[in-house]
Each structure stands twice: as structure tokens, then as C-alpha cells.
Number of protein chains: 2
Amino acid sequence: MIRQIKLGMSMRGLGYHPAAWRHPSVPADGTLRFEHYVRNAQAAERGLFDMIFFADGIGIRERDEPRGSLARSGYEIVEMEPMTLLPALAAVTRHIGLVTTASTTYNEPYHVARKFATLDLISGGRAGWNIVTSWSEAEARNFNRDEHLDYDTRYERAAEFVEVVTGLWDSWEGDAFPYDKAGGLFYDESRLHVLDHKGKHFKVLGPLNVASMPQGRPILVQAGASDQGREIAAASAEVVYAAQDSKETAKAYYDDLKSRMAKYGREPEDMKIMPGLRTVVGRSRAEAQAKWDELQELLDPLVGLARVYNMIGDLTGYDVDGPVPEPLITPRVKSITDRYMARARQENMTIRQLYNAIVAGGFIIIGTASDIADGMQEWFEYGACDGFNILPTHLPVACEDFVEHVTPELQRRGLFRTAYEGKTLRENLGLKPHVNRYTAARSQARAAE
Amino acid sequence: MIRQIKLGMSMRGLGYHPAAWRHPSVPADGTLRFEHYVRNAQAAERGLFDMIFFADGIGIRERDEPRGSLARSGYEIVEMEPMTLLPALAAVTRHIGLVTTASTTYNEPYHVARKFATLDLISGGRAGWNIVTSWSEAEARNFNRDEHLDYDTRYERAAEFVEVVTGLWDSWEGDAFPYDKAGGLFYDESRLHVLDHKGKHFKVLGPLNVASMPQGRPILVQAGASDQGREIAAASAEVVYAAQDSKETAKAYYDDLKSRMAKYGREPEDMKIMPGLRTVVGRSRAEAQAKWDELQELLDPLVGLARVYNMIGDLTGYDVDGPVPEPLITPRVKSITDRYMARARQENMTIRQLYNAIVAGGFIIIGTASDIADGMQEWFEYGACDGFNILPTHLPVACEDFVEHVTPELQRRGLFRTAYEGKTLRENLGLKPHVNRYTAARSQARAAE
């Protein structure tokens, strides 16, 4: 079988444009209405997507700078808690994978292991856990802390957290339950394993009180960017969300990450790397551009200024159609600021043009279905990715547009499935089955005899 | 309108008889199959129950004593995590309340507030939180501890935990979201309230990133038995699960709990007290008794001996059809042991008869639908309760039996609804609407002007 593109659809909130909520087609209260999520999930499933993905933050993350900008931005203010939402979506879908974030910094591994195991059972094998360490102060302050943990401690805790969760998931072997009513035996003690983990950050006895997951265990997802993050991904991630805006940088990342896997006994195809991609599709390029421009025009200047706040400072006193001033502050991330400031100087940008450019940043294709398929095919065949994580600009329409126009074009080219291949997310992603560690050890011992 | 009985259906696991899993009608693997839970929940909704309830333990709680008994008991071994299960059940039901346990000892209030708020949104106002403090060592050992917290610390933490959660639920007033697309205003800053809680056990900034719950906030449920537990219940619980086996002790508890409410500014009808009740219904009394006997006969002696382990000690070397020996150990709860030992002596019980009697303990009615309705009516009219929490012996059949036979009998007597009265659990329970604390303060201030 030829290698095909894997597709995820991110569906946090109302879409991946900061003015999405103001778009005429968008239900501004959608993030608090179940039917909004159902419509999006069912559209993605019609489009045969491998999975939907909900990023998550445990708090209202952005600082309200400049003052008042948050109230004018509908982004990540109020929405459903995704680990509670996904089981409900499992009940109204049949094939699509269900992936969400759970933080290793503000959770306990026993809870996370139980919840994702249960989601896997409810969905018939469609659960995926996106492992994050949470970096924001807003989140820290909702969890008994004044500031977030330092980077090294977060990553050390994350690695141990994953070790405990995957250990708990192996508590019961596949044949642990004879359910022998006549003989009165519910489970076979020799197939039950007590983890008894004692580490630096966690002490967890086990066993897990959930078992028999259709996928063996849920899919592990990560977005490893830093060196340490890449190591964790190479060691265990089965899906990686990437974020590059050129196929060259994407390929460099792809090759680096895959080359790190061998030392963990893993093969390159054990991990699917999926960069984020925003698409705006029109019947013509002009129509697509007009759709994008409509969103950009809905961008409130105060919300736009919030995007340059950490680069340049508070520009509320400035004319947004005047020139971009020199930074008033030390920027949070110097390299990004330098890049945008250089571009602003070179193109003689106004402040509005600058924040519009920032909002248009990342990998984005505005054009016909054929243009979008071209761009995806180019990256895919260049070896820059195994698929894409689609970031719809505004929901539900941008998701439906993709499914209606781009999916068929990819299928025509033989680049994408025409029906789900498997029953589980693991099967659809083309990943190997999970083998319980104790079952594996027993087979090895038997083979050695 | 006349006062009617409120009904909950507990549906943890495979039922409230330790041999339930061996019953021919019971799917032994049901606790790991979503359709098992769907069938039970939909049956309870057909029976117009106010709510279904999932108790929960974060670990495999019982000690495996005598050795091997756990593997022969299907009870609380593996099952779905209820906070993940309930949203999925919300998607396949329309009216019934959805209540589950979340421990205040092994959770963070921000997570709990978010999850129950989300469940309330998904279900259209049917969420309820059963507040527990977790007492078992098995749970402690899954959460970085060697033993559970002492009683006072647990209850102190629980009280503060509830304060934080209910505070977070009031983060956004009902009119906080103008969703004004033309004016660009998503939320009204004057209707957003940052909790900024700083207490002994928790420091939580807020606001909550979920809002607009159909019930105002989820229902608070508790099972306060001790003096301290009763105070917490009196202060905030809207539903109380009780456990008495005579209408006199139930009435004493009922009167005591309701009398404690006034000092918290609450009226008796602000809380519904619902003792647990097991029912075994037959077309005749003989048929009902035969159903019960069938279950008792399925009780594995080793599972039966586990029931007397903490009273008498390890009796695996004894003839179960021989006499009950004097206790070999210091019993865990002396009063209960003394009561059963006195009965064993008086009735010349064998060991088997004793554990059968223990399994048959609590409030239980075995008889016709009319017998069961008589018993319920007697307690209700005696002032011993506001309703009952039905504990089906084995699922799904005991739940369906109740709905098919007992519900119509209660309706015939005018003791139970013939259709759901409201849209939310709060409305069906006949509880007052929740008023946001800041909205209330503003109305009071306006009224005082």
C-alpha cells in the first residue's frame, strides 16, 4: 500500500484566527454549546480525518495586555474542559480519533491513566493523550503556585509521569479476565501486575482499576520542540504536532526527530509527525483571499495590539495606521521579534500591517482546493511530514470547507484514504499494536527456552 | 402540588450484591463496556428517576483478604472512571441527572470545578458532584502517600475545597457575555470575578474558564454520617445519601440533619435526604425470595469469608457450615461486630449463615411491587426521607425490574412523577435556582438604595 497523508483537525474554541468569534458564520457562544463541538467533530469524521484534537489550558492564559484586549478577544476565554467533552463526542462519532491535552505538571498520573483508559473503552479504541508540561503563570496560580515550575523540573516530572501512566496501563494483561462464572474466577492473579513505582516525583502503587483497552493503550502525542522535548518525543510519542512554516525547516525537524528514535528501539514509522497548517479554501484564489481578508478586517485593533505587546510594548497610544516604532520593551522572544521588526522596516509596515502579518504567520495556504493539495503534497513528498494537523480559521465553516473541497482533491490524487482502514486510531494511523510489557516478557522467556 | 418521592439509581459496577457478576443475566465484562452503562442509564430514565449515581474509588480498595478472595469477587475491580463516563451517558440520555464522586483529598479544586461545569453544559443542566474525602490506604498509595490523611485534615481540606469550587463556579455572572460581534465585545469585564482564594490548603486565583452552566451550578451531593460530615452537609449539600436500616434511625438522622440547616440560612426543602435501598421484586413474594436466594447461592465461600475478615479474622481453615467461632482478631468496627456476633450466637448461625446475613444487611425489601411501594411509602410518610437511592442487586436486570414494576406502582399511588417536571436536575429535585453571589450582592445593594 502506498504511503498516505495522516490528518488531524484541531478544534479548540471557535477557530485559529483571533477574530473568529466575530465572523458572521460563527456561533459566538459555541464553545459553551455541545452541538457546536458535535457539528465540528462529525464534519471531520465525514472528511475521514484520523483524529480531532483539543489543546487545553487550565486557566485563562493570556495576560490582559493591553488592558481591555481580553474582553474583545473570544479566544481561550471560556470553553469546555476537553477531557469531559471527548467522551461525549465519542458517543456521537464512530471512527475518528479523540485526542486532548493533559498537563503532567498539574495532574496526578493515576487520574490521567484512568481517564484516558476509560475514553479508550468508551470510544472503542480512539483515545490519544497529548502530553504537555504547562508553562504559564496563569495556570500555576490556579494550582497553589505563584509561578510555574522551572523548565528542567517540568521535563523531569513529565518523563516520570509518562513512565507511571504507561506502567499503570499495563497493569492487566489481555487475558487477565476469564470471567468464569461457573468456576467463580473473575480475574487471573498471574495476569495482574502491581506497578509499585517509587520515583523522584511520584510514588504510585497501582494496579490501575481500568483494563482491556481496545488499543492496548491510548496513543501518546507530543509537541517536542526543544532538545529535551525532542528526546521525550523520540522515546515514546506516536504522534508529534510540529510547527514550522517552511518545508525545509520542517524536513530538518522531521529528520532530526526520526533519527533520535533508534536508540529507544523504535523505527521511524512508529511516529507520525504532523505540522500545523491553516487553510483558507475558495472556488478561486480571489474568493479564498476575500475570505481571509474578511477575517483580518474583523480584527479589533486592541486585539491586534495584544499580539505585538510582548514584542514591542503597549502601543495603545499610537496610530495603528502609522509606522511601527522601535521596541519600547525588551522582547519576550528576541529572535521572533527581530525577524518581524526587520520585515516591518523593510516593508515600511504600519502597526496594523505588522499585527496582521503576525496573525497570518505560520504555515498557511490561501487558495483553491488544488492549491492546498499542491502545498500539502509538496511537503509530504519532500519528506517534511507524515501528515498535517489542520487548524481551521473559524468553526464550523473552515472545517467543513476543508472536508468538502480539500479532502476529495487529496483522495483524487491517491494521497488520502477513501474509507477508514481500521477500527482504532492506532490502526488508522498505521501504528503497530501495543504489546503489554509482561506479555512480551513472557513470550521472550518462552522463545528463549 | 403534593410532595413526591425523589429517586436515584446507583449504578456502580455490576450491582450491589457481591455475587452479581456470576448471575446468568449479568454481563461479567459489563463494567468495561459502554453499552452496559447505556442500557442501565436509559432504563433509569425510562423509569423517570431523578438521577443516576456512580460512587467511585481511585484504586482497588479492598485488601485481598483472605488471599485469593479478590480474584473471585467481581466487585470494584475494574470499571470505567465515572467522570469520563458521565459525559458519554449525557449524550445518550435527555432528562436524567448525572451524579458522581470526586474526592477532595486527591484532586485539585480547579479541575473539579471545570469538569463538573462542563458536564453541566454538555448535559443541559444535569450534573451533580458527590463530595467525598477518601479514607482508604489503597487510594493513598496511588497518590504519593503511604497512608491516608487523618480525619480532621481531610474534612478541613474538604470544606475549603468546596468553598473554592463553588467560588470558581460564580466567576462569571449570567449576563457576562454580550457576544457583541458588531461592537467587538465578547465579555463584560464588570461581570467577571477573580476569586483569588488564599487559604490553608489551597491558593487558587481563577477565574474559571467555563461559564453559563444551565443549573447555575451543579448539584452538591454528600453522605455526611459523622458529626463533622453532617455539618458540611447541612451547610451546602442539596442531596444527601444516607444509610439506615430502620425508619426510626432514618428519621432521627433526617431530623438532625435538617435541624442543622437553619444556621446556614437554609430551609429544610433545600436538601433532599435519600437513604439507600435494595429491592428484589417478584410477581409473588415467593418469586422475589427465589431471586434473592439465587444470588446468595452464587456467593463464593471465599468472597463470603472476606466479609467477616475484619470482624472475626481469617476463617479459611474453618468449615463454612460449622459454627461461628469467637473473633480471632480485634474487630475494625467493634459495634457492628458485636451486633452480628450476638445475632450469630442467638440464632446458632453457621459461618455461611453469618456472611449471608451480612450480605443481606442494610435497608432491603424482597417482595412484590406492592410490598416494595408499601415499604417506601411507610418511610416517606413517616418523615424518614425525601426519597431513595436505589441500589440494584445486579445490573441491568434489577434496575429494569424496578422500572417495570415498582415505578408504575408508585405512580398509581401518586407518590412519584409521571413525567419529568423540569429541564434540569435542580428543577426535577424541586430545588431553588442558584443565584450567582455577585449578582445577588448587586440586587441587594440596589434594593437597599
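Numbered from 1 within each chain, the chains take letters A, B, ... in sequence-line order. Computed from a predicted structure; not experimentally measured.
With a 4.5 Å cut-off on side-chain heavy atoms, B:Ser103 and A:His111 do not count as touching. Using a 4.5 Å heavy-atom threshold, the side chains of A:Leu121 and B:Met80 count as touching. Between B:Leu85 and A:Pro87 the shortest side-chain heavy-atom distance does not fall below 4.5 Å. No side-chain heavy atom of B:Ser212 sits less than 4.5 Å from a side-chain heavy atom of A:Val78.
Panel note: side chain A:Asn142, backbone B:Tyr110; no donor-acceptor pair is recorded below 3.5 Å. Under a 3.5 Å cut-off, the side chain of B:Asn209 and the backbone N or O of A:Gly57 do form a donor-acceptor pair.
With a threshold of 4.5 angstrom between heavy atoms, B:Pro109 does not approach chain A through any atom at all. Using a 4.5 Å cut-off between heavy atoms, A:Phe186 contacts chain B through both its backbone and its side chain. For B:His197, no part sits under 4.5 Å from any heavy atom of chain A, backbone or side chain. Contact annotation for A:Phe177: only side-chain heavy atoms (C-beta onward) come within less than 4.5 Å of a heavy atom of chain B. Only the side chain of A:Val92 comes within contact range of chain B, with heavy atoms under 4.5 Å apart. Both the backbone and the side chain of B:Ala211 have a heavy atom closer than 4.5 Å to some heavy atom of chain A. Interface residue B:Tyr187: backbone and side-chain heavy atoms are both found under 4.5 Å from chain A. Only the backbone of B:Leu208 comes within contact range of chain A, with heavy atoms under 4.5 Å apart. For B:Ala117, no part lies near chain A; criterion is any non-hydrogen pair under 4.5 Å.
Taking A:Leu89, A:Thr31, A:Val204 one by one and counting their heavy-atom pairs under 4.5 Å with chain B, the maximum is reached by A:Val204. For the set B:Gly59, B:Ser73, B:Ala90, the count of heavy-atom pairs under 4.5 angstrom toward chain A peaks at B:Gly59. Counting heavy-atom pairs closer than 4.5 Å to chain A, the top residue among B:Ala28, B:Ala71, B:Gly183 is B:Ala71. Chosen from A:Met213, A:Lys203, A:His201, the residue pairing most often with chain B at heavy-atom distances under 4.5 Å is A:Lys203. Of the listed residues (A:Val38, A:Val210, A:Ile58), the greatest number of heavy-atom pairs within a distance under 4.5 Å of chain B belongs to A:Ile58. Chosen from A:Val303, A:Asp29, A:Asp146, A:Leu168, the residue pairing most often with chain B at heavy-atom distances under 4.5 Å is A:Asp29. Considering only heavy-atom pairs separated by less than 4.5 Å from chain A, the leading option among B:Phe202, B:Tyr37, B:Trp21, B:Phe34 is B:Trp21.
In this structure, OH in A:Tyr179 is found 4.5 Å from CG in B:Leu32, a value given to the nearest 0.5 Å. Atom CD1 of A:Ile60 is separated from atom CG of B:Leu205 by 10.0 Å, given to the nearest 0.5 angstrom. Interatomic distance, OG1 of A:Thr84 versus CZ of B:Phe116, reported as 9.0 Å (0.5 Å rounding).
Sorted by first and then second residue, the salt bridge (Lys or Arg N to Asp or Glu O under 4.0 Å) pairs with a member in residues 180-190 of chain A read A:Glu189-B:Arg67; sequence neighbours excluded.
In this structure, B:Arg33 places its CZ atom where only 12 or fewer heavy-atom neighbours from other residues, nucleotides or ligands lie under 6.0 Å away. Other residues, nucleotides and ligands place no more than 12 heavy atoms under 6.0 Å from the CD atom of B:Glu147.
Under the 4.0 Å criterion applied to side-chain N and carboxylate O atoms, A:Asp196 and B:Arg141 are not assigned as salt-bridge partners.
Side chains of A:Asn107 and B:Glu108: no donor on one and acceptor on the other come within 3.5 Å.
The nearest pair of heavy atoms linking A:Ala91 to B:Ala91 is CB-CB, 3.8 Å. Residues A:Gly184 and B:Asp300 come closest through the heavy atom pair O-OD2, 4.3 Å. The shortest non-hydrogen separation linking B:Asp56 to A:Arg114 is OD1-NH2, 2.7 Å.
Taking the side-chain hydrogen bond (donor to acceptor under 3.5 Å, both in side chains) definition, one finds that A:Arg12 meets it with A:Glu76, A:Glu79, sequence neighbours left out.
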